[in-house]
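A, B, ... follow the sequence lines: proteins, then strands. Residue 1 opens every chain. Remember, it's a predicted structure, so these values are computed and weren't measured experimentally.
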2 protein chains.
Amino acid sequence: MTREEKKKKIKADITRNAIALFKEKGFDQVTVEEIALRSDIAKGTFFNYFSKKEHVLLHMADSYLPLMGQIFGRHRTGPVRARIECILSDLLDLYLQYADLLRITLVESIRASLAAGDEETNISRLRSAFSAFLEDAQTAGEIRTRANADDCAALLVGLLFQTLILYSSRLDAPEMRRMLVRQLDLAWEGIADATVEKNL
Amino acid sequence: MTREEKKKKIKADITRNAIALFKEKGFDQVTVEEIALRSDIAKGTFFNYFSKKEHVLLHMADSYLPLMGQIFGRHRTGPVRARIECILSDLLDLYLQYADLLRITLVESIRASLAAGDEETNISRLRSAFSAFLEDAQTAGEIRTRANADDCAALLVGLLFQTLILYSSRLDAPEMRRMLVRQLDLAWEGIADATVEKNL
DNA sequence: AGTCATAAATGACCAAGGTCATTTTTTAGT
DNA sequence: ACTAAAAAATGACCTTGGTCATTTATGACT
């Protein structure tokens with residue numbers, strides 16, 4: 001095993017053990033020493049792999065990337081609007097599966113994005129995934145041609161986040177899904193009253 | 001001075017001193033002991049008023065509430081769409097004025113909203129403010145009647161946050177304003193291609 | 001195999017957030 | 001004014017995230 005491979009493996013080990021502990025006891029109740037112990041390393045070594053305890057969460061989110069790709073790939077047929085609804089719904093389900101953990105992960109992802117320069121972040125990758133999806137849809141003519149796919153993507157991520165922010169304390173899955181659909185409807189049809197719009 | 005008033009005063013003092021220090025040196029570079037010292041209280045006393053260091057930020061955000069009300073009250077004439085644009089732009093300016101501090105405040109507000117049950121949060125108040133504004137606009141007939149004002153408000157807050165998240169590392173004010181306008185245009189007119197929509 | 005340079009692991013140590021038993025202050029009732 | 005009870009202040013103490021000088025492992029080159 002080469003040096004690089006070994007590092008990858010240890011980082012993956014730490015992440016796996018840390019996440020398992022977080023799921024068991026909650027993020028704040030797990031100490032770095034505990035993670036290190038279970039990963040057969042010293043506490044100091046942990047910080048050779050992650051500069052902050054929270055960064056484990058970001059790395060975990062990275063490892064969910066393929067799953068995200070899968071969600072976007074899963075819905076390929078039918079009208080774009082319906083497919084977006086399915087994608088949003090699947091992302092919501094994913095979130096709800098480990099809401100306690102992903103809640104903090106979401107916060108950390110936002111923090112990272114707010115601090116990051118031009119580097120990629122979890123959130124920018126989510127936007128990109130939507131953007132790529134929408135560009136395809138745009139060539140199919142189901143989306144306003146004047147609209148920019150990146151902007152549409154940002155709008156969709158924004159409404160997803162608002163839904164999570166508003167409801168994730170209650171974790172009322174059906175209500176969250178309804179809100180998601182209503183928000184998507186709004187974003188899709190527009191806020192403006194069409195009759196008034198036409199008169200301008 | 002009654003007991004309640006005294007507590008209010010001390011809490012306000014702590015907040016003022018803490019924020020001043022945060023602006024001087026940055027949140028992480030300020031210790032609770034330092035805040036306590038400057039506020040003429042003991043370190044332990046600080047935690048009688050704020051259970052976490054971060055909670056000072058939330059309380060500061062609360063105190064900005066009147067200013068927020070002012071922003072919403074300032075734009076009362078002209079078409080709704082243009083007024084929303086002005087409000088969003090003003091909120092952006094407010095954010096940019098102390099971006100370093102408000103960045104962490106935003107993160108903490110999101111964290112609080114994700115954890116909060118049904119209590120009010122900074123973010124829920126922002127949504128409510130938009131919602132009230134939009135309800136007025138709705139009676140004026142400039143907004144889809146089928147649309148719910150709360151949903152529109154959530155969509156607007158969502159697009160504001162996405163703009164902050166995407167650009168606040170670079171702090172490119174003009175670019176942020178442009179993105180805000182593009183997002184609002186999308187939300188206003190809808191993502192869907194109108195010609196396709198009609199055919200459905 | 002032996003030597004050296006570089007990468008990685010380590011754990012003693014430090015700083016600072018947060019807790020809590022104890023002390024001090026305030027209020028209310030007599 | 002005196003007393004008892006409730007509220008608030010305090011700072012010693014603990015925990016834990018994070019640092020860093022030192023030690024140990026690794027791999028390249030002769």
Would you mind reading off the distance between B/E34 atom CD and C/dA15 atom P, rounded to a whole angstrom?
-> 14 Å
Separation of atom NZ in B/K6 from atom P in C/dT24, rounded to whole Å = 16 Å
Sequence-distant partners of A/T2, side chain to side chain contact (heavy atoms under 4.5 Å, CB included), two or more places apart | A/E4, A/E5
Backbone N or O of A/K11 within a donor-acceptor pair of the A/T15 side chain at under 3.5 Å?
-> yes
Mind checking whether A/I10 and A/L21 sit in one hydrophobic cluster, side chains of I, L, V, M, F, W, Y counted as touching below 4.5 Å?
-> yes
Base, sugar-phosphate alone, or nothing: which one does A/I10 contact when heavy atoms must sit under 4.0 Å apart?
-> sugar-phosphate
Would you list the atom pairs, donor with acceptor, under 3.5 Å between side chains in residues 37-50 of chain B and any protein atom, with sequence neighbours excluded?
| residue | atom | partner | partner atom | Å |
| --- | --- | --- | --- | --- |
| B/R38 | NH1 | B/E24 | OE2 | 3.4 |
| B/S39 | OG | B/N17 | ND2 | 3.0 |
| B/S39 | OG | B/I35 | O | 2.8 |

Do the ring planes of A/F130 and A/F72 sit parallel (below 30°), tilted (30 to 60°) or perpendicular (above 60°)?
-> perpendicular
State which residues pass salt bridge (charged side-chain N to carboxylate O under 4.0 Å, His left out) with B/D150; sequence neighbours excluded, sorted by chain then number.
-> none
Decide salt bridge (Lys or Arg N to Asp or Glu O under 4.0 Å) for A/R83 and A/D136; before the verdict, give the C-alpha distance in whole Å, the side-chain angles of both, and the deciding distance to 0.1 Å.
-> CA-CA 12 Å; A/R83 280 152 69 200; A/D136 291 349; over 6 Å; no
Just distance, no hydrogens or angles: give the donor-acceptor pairs under 3.5 Å from side chains in residues 92-107 of chain A, sequence neighbours left out.
| residue | atom | partner | partner atom | Å |
| --- | --- | --- | --- | --- |
| A/D93 | OD1 | A/R177 | NH2 | 2.3 |
| A/D100 | OD1 | A/R103 | NH2 | 2.5 |
| A/R103 | NH1 | A/S168 | O | 2.9 |
| A/R103 | NH1 | B/L114 | O | 3.3 |
| A/T105 | OG1 | A/L101 | O | 2.8 |

Numerically ordered, the residues 18-26 of chain B set in heavy-atom contact under 4.0 Å with DNA chain C is none
Take the protein atom CG of A/D40 and the nucleotide atom C1' of C/dA8, then report the distance between them rounded to whole Å.
-> 16 Å
Length of the line joining A/I41:CD1 and C/dA9:P, which is rounded to integer Å = 8 Å
For each nucleotide in nucleotides 17-22 of chain D, reading 5' to 3', give B when a protein heavy atom comes within less than 4.0 Å of its base, S when such contact involves only the sugar-phosphate, and - otherwise.
-> BBB---
D/dA9 OP1/OP2 closer than 4.0 Å to side-chain N/O of B/Y49 = yes
